[in-house]
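What follows is a single structure, and I will ask about it in a moment.
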Amino acid sequence: MTTAASSATHSRRYWLMKSEPEECSIDDALAATHSTVQWTGVRNYQARNFMRDDMRIGDGVLFYHSSCPEPGIAGIAEIASGTRSDPTQFNPESPYFDPKADPDKPRWLLLDVKALRKTRLLSLAELREHPELAQLKVLQRGNRLSITEVDEADWKRVLDLLK
DNA sequence: GCCAACGTTGGC
DNA sequence: GCCAACGTTGGC
């Protein structure tokens with residue numbers, strides 16, 4: 001395969017992204033201009049690196065509600081941009097302010113996420129009832145990452161459960 | 001580079 | 001509000 005051909009054939013990837021619905025629910029995202037929101041506030045290097053290095057426009061996203069009465073998958077979205085500097089790191093008024101962030105060398109990034117549709121709430125409890133989903137990162141013990149990769153088989157299983 | 005202390009996440 | 005789990009910080 002030629003270099004040009006191989007670079008043109010990167011496959012679509014899938015992700016689970018946590019959002020606190022009090023801050024940005026799937027309804028909020030769908031109501032935003034172009035159903036698109038800036039995914040701000042990521043303050044974990046591994047999650048940042050996923051955004052910077054691995055996510056591509058068009059990748060599929062399971063939109064997950066966390067830190068709320070009913071945590072679970074609440075919608076489907078997609079990655080809608082590459083990364084750029086997250087301005088909240090420089091804003092002392094923001095809960096995401098990072099006093100160590102250097103405007104000349106931003107350490108935190110965001111990208112755009114476009115909500116596609118709201119689904120029924122596929123709760124964390126229900127996800128745990130499916131042994132075939134046991135490898136989902138969000139179900140794993142001690143998982144705290146706000147962005148995790150979802151393999152294609154799990155993506156399809158989740159979409160099947162949402163039909 | 002180790003590792004204890006501390007802070008944060010997030011389900012319950 | 002509790003607390004397990006994990007990440008980060010900073011002294012050494």
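From a predicted model like this one, the values you see are computed outputs, not experimental measurements. Order of the sequence lines sets the chain letters (A, B, ...), proteins ahead of strands, with each chain counted from 1.
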With A:R84, which residues qualify under salt bridge (Lys or Arg N to Asp or Glu O under 4.0 Å), at least two apart?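 Checked A:R84 against salt bridge (Lys or Arg N to Asp or Glu O under 4.0 Å); matches are A:D112.
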**Request:** For A:K156, check side-chain contact (heavy atoms from CB on, under 4.5 Å) against everything at least two apart and list the hits.
**Result:**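 For A:K156, the residues satisfying side-chain contact (heavy atoms from CB on, under 4.5 Å) (neighbours in sequence not counted) are A:E152.
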#### Entry: Those residues that, when tested against A:D98, pass salt bridge (Lys or Arg N to Asp or Glu O under 4.0 Å) (two or more places apart)
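Here the qualifying residues are A:R107.
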What nitrogen or oxygen pairs link the protein and nucleotides 7-11 of chain B at under 3.5 Å?
{"from": "B:dG7", "atom 1": "N2", "to": "A:R144", "atom 2": "NH1", "distance (Å)": "3.4"}
{"from": "B:dT8", "atom 1": "O2", "to": "A:R144", "atom 2": "NH1", "distance (Å)": "2.6"}
{"from": "B:dT9", "atom 1": "O3'", "to": "A:R144", "atom 2": "O", "distance (Å)": "3.4"}
{"from": "B:dG10", "atom 1": "OP1", "to": "A:K18", "atom 2": "NZ", "distance (Å)": "2.8"}
{"from": "B:dG10", "atom 1": "OP1", "to": "A:R144", "atom 2": "O", "distance (Å)": "2.7"}
{"from": "B:dG11", "atom 1": "OP1", "to": "A:Y64", "atom 2": "OH", "distance (Å)": "3.1"}
{"from": "B:dG11", "atom 1": "OP2", "to": "A:S67", "atom 2": "N", "distance (Å)": "2.9"}

Qualifying residues under salt bridge (Lys or Arg N to Asp or Glu O under 4.0 Å), relative to A:D54, sequence neighbours excluded: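 Per chain and number, A:D54 pairs via salt bridge (Lys or Arg N to Asp or Glu O under 4.0 Å) with A:R13.
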Taking only residues at least two apart or on different chains, which pairs with a member in residues 141-163 of chain A satisfy ring-ring contact (aromatic ring centres under 6.0 Å, His included)?
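Residue pairs with at least one partner in residues 141-163 of chain A: A:Y14-A:W155.
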Checking A:K163 now: which residues fulfil salt bridge (Lys or Arg N to Asp or Glu O under 4.0 Å) with it, not counting sequence neighbours?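 So A:K163 forms a salt bridge (Lys or Arg N to Asp or Glu O under 4.0 Å) with A:D160.
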Legend entry - Residues touching DNA chain B, which here means a heavy atom under 4.0 Å, drawn from residues 100-110 of chain A: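 Here the set is empty: none.
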Once side-chain hydrogen bond (donor to acceptor under 3.5 Å, both in side chains) is applied, do any residues pair with A:R48, and if so which ones, sequence neighbours excluded?
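For A:R48, no residue satisfies side-chain hydrogen bond (donor to acceptor under 3.5 Å, both in side chains) once neighbours in sequence are set aside.
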